[in-house]
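In the text below, chain A, chain B and the rest are named by the order of the sequence lines, each starting its count at 1.
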2 protein chains.
Amino acid sequence: MSDGVAERSRPRDRILETAQDMFHKHGIKGVGVDAITEAAGTNKMTLYRHFESKDELVVECLRATAAKASRIWDEFEARHPGDKLAQLHAWVQKASELLSADSRGCDMANAAVELTEADHPARRVIKELKEAQREKLVALCRDAGIGQAELLADTLSLLLEGARVSMQSVGAEGPSAQFVRMAESLIASFRAR
Amino acid sequence: MSDGVAERSRPRDRILETAQDMFHKHGIKGVGVDAITEAAGTNKMTLYRHFESKDELVVECLRATAAKASRIWDEFEARHPGDKLAQLHAWVQKASELLSADSRGCDMANAAVELTEADHPARRVIKELKEAQREKLVALCRDAGIGQAELLADTLSLLLEGARVSMQSVGAEGPSAQFVRMAESLIASFRAR
DNA sequence: CTAGGGTGTTACCGGTCTGTAACTTTCAGA
DNA sequence: TCTGAAAGTTACAGACCGGTAACACCCTAG
């Protein structure tokens, strides 16, 4: 029997990891708990012993995704200690990697599109985590010595968000193909002010 | 009895209009055909006499949405005949209006996020219609006398796409609030080259 | 007045979904 | 070796889904 996920980890971890992957690939409403547990090599009862509901599982998946993203920021600091401008360029580079291949975009943005109920528990965490990422990018721009740090950070955010959703509509050869050029020339232009 | 949609139109038109509205508000997978027909003041059999399947209804809705969007471009030309630069600024203005209130973003981009199956009939039309819009914007930039018309058009596209999805994650007070400023300063900068 | 197409109504099919109950198996630690 | 918690198994409930069949109705064109 094959089992996409490491066999010797605990069921809860396997469920979480498998759910992240399947939600990303097929969307949240596009995959049922049965499919997740089967792919994780376990069963539905075990899932419901660890997670109150599918909605709670979604929330945990988003938190896990955000935690992974957070680790990338540590990488920037580790790779270019103290050099905030280099870290900003590393951000652009890392962002562009998210645009290659057949990625299905940002899990949090996708979840926000899919979960239309205003009071869905996931909406809280999506907003929190997106705002946290925004503040990190603003701080990075500011510490890199850029004057209008908020404006540059927000512009870069929208460009990346747009590129990731554009890819899903028209593919990687669409407008998102120019992301790096746009971002770099924006940074240069803001630095020159 | 109330009935959101004009009573004295033909069932097919009422279904199409109601479906557009409900797909936009609740997502495609978030609304069933029963709910659509009931809101349209008709019944499921009538829907299936006019549309082969729900998927085909989705396709027709997207086409209708694109047709509406296409009419906006005619408005630009009518309002500023021959003045392509004014039309470009009108585009920015119109785009910013899409970012106010509680809009749920672009129906086509949302559909692309929601419909993950690679061979879903809607994916074809989404790509076609998005590419058509892109070419329109490129032509507008070029005719407005901008040198790197493709790059400006793609940048503006990504900014708008990003703003519309960002709104769904963090609301209208997030990065999308600066859209007009970003777009206008981009246009100015491209014009200066 | 009548014929016929568009529409409404009701009931149903088979499938899928989230979530639960009751029971059995496994396995690590004392 | 014994115990107890975690995990697996099977079956099921109740709701909803897309889609269809059969039949009654209305209303307009001839």
Side-chain angles (χ1 to χ4, degrees), chain A residues 1-20 22-23 25-62 111 114-117 119-123, chain B residues 1-20 22-23 25-62 111 114-117 119-123:
Chain A
M1 299 295 155
S2 72
D3 53 354
V5 172
E7 189 54 72
R8 281 301 108 194
S9 53
R10 297 169 123 181
R12 187 181 196 280
D13 298 330
R14 293 193 325 247
I15 290 170
L16 208 50
E17 199 169 334
T18 307
Q20 276 183 262
M22 295 186 74
F23 286 153
K25 282 181 187 153
H26 310 296
I28 292 168
K29 296 193 179 170
V31 53
V33 291
D34 274 316
I36 292 171
T37 55
E38 189 188 335
T42 177
N43 55 75
K44 198 157 49 168
M45 271 314 303
T46 300
L47 186 150
Y48 281 104
R49 285 188 191 110
H50 289 288
F51 304 94
E52 273 192 6
S53 63
K54 183 184 178 182
D55 285 347
E56 272 307 309
L57 173 61
V58 170
V59 166
E60 289 307 310
C61 282
L62 292 177
E114 233 180 323
L115 307 175
T116 62
E117 305 97 339
D119 60 343
H120 193 289
R123 299 201 74 84
Chain B
M1 299 292 158
S2 70
D3 54 353
V5 172
E7 190 54 72
R8 280 301 107 194
S9 53
R10 298 170 120 181
R12 186 181 196 281
D13 298 331
R14 291 192 325 245
I15 290 169
L16 208 51
E17 198 170 334
T18 307
Q20 276 183 263
M22 296 186 75
F23 286 152
K25 283 182 187 152
H26 311 296
I28 292 168
K29 296 192 179 171
V31 53
V33 290
D34 273 316
I36 293 171
T37 54
E38 188 189 334
T42 177
N43 55 74
K44 199 156 51 167
M45 271 313 303
T46 299
L47 186 151
Y48 281 103
R49 285 186 189 113
H50 289 289
F51 304 95
E52 273 190 5
S53 62
K54 183 185 177 182
D55 285 348
E56 272 307 309
L57 174 61
V58 169
V59 167
E60 289 305 312
C61 283
L62 293 176
E114 227 179 330
L115 307 175
T116 62
E117 306 97 337
D119 59 343
H120 193 289
R123 299 201 74 85

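Between A/I15 and A/F51, the closest heavy-atom pair is CG2-CE1, 3.8 Å.
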| field | Under 4.0 Å protein heavy-atom contacts per nucleotide of nucleotides 6-23 of chain C, with B for base, S for backbone only and - for none | value | -BBB--------BBBBB-
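Rounding to the nearest 0.5 Å places CZ of A/R14 at 11.5 Å from CG of A/L47. In this structure, the separation between CG on B/L57 and CZ on B/F23 is 4.5 Å, given to the nearest 0.5 Å. For the atom pair NZ of B/K54 and NZ of B/K44, the computed distance is 11.5 Å after rounding to the nearest 0.5 Å.
B/E38 places no side-chain N or O within donor-acceptor distance of the main-chain N or O of B/N43, the cut-off being under 3.5 Å.
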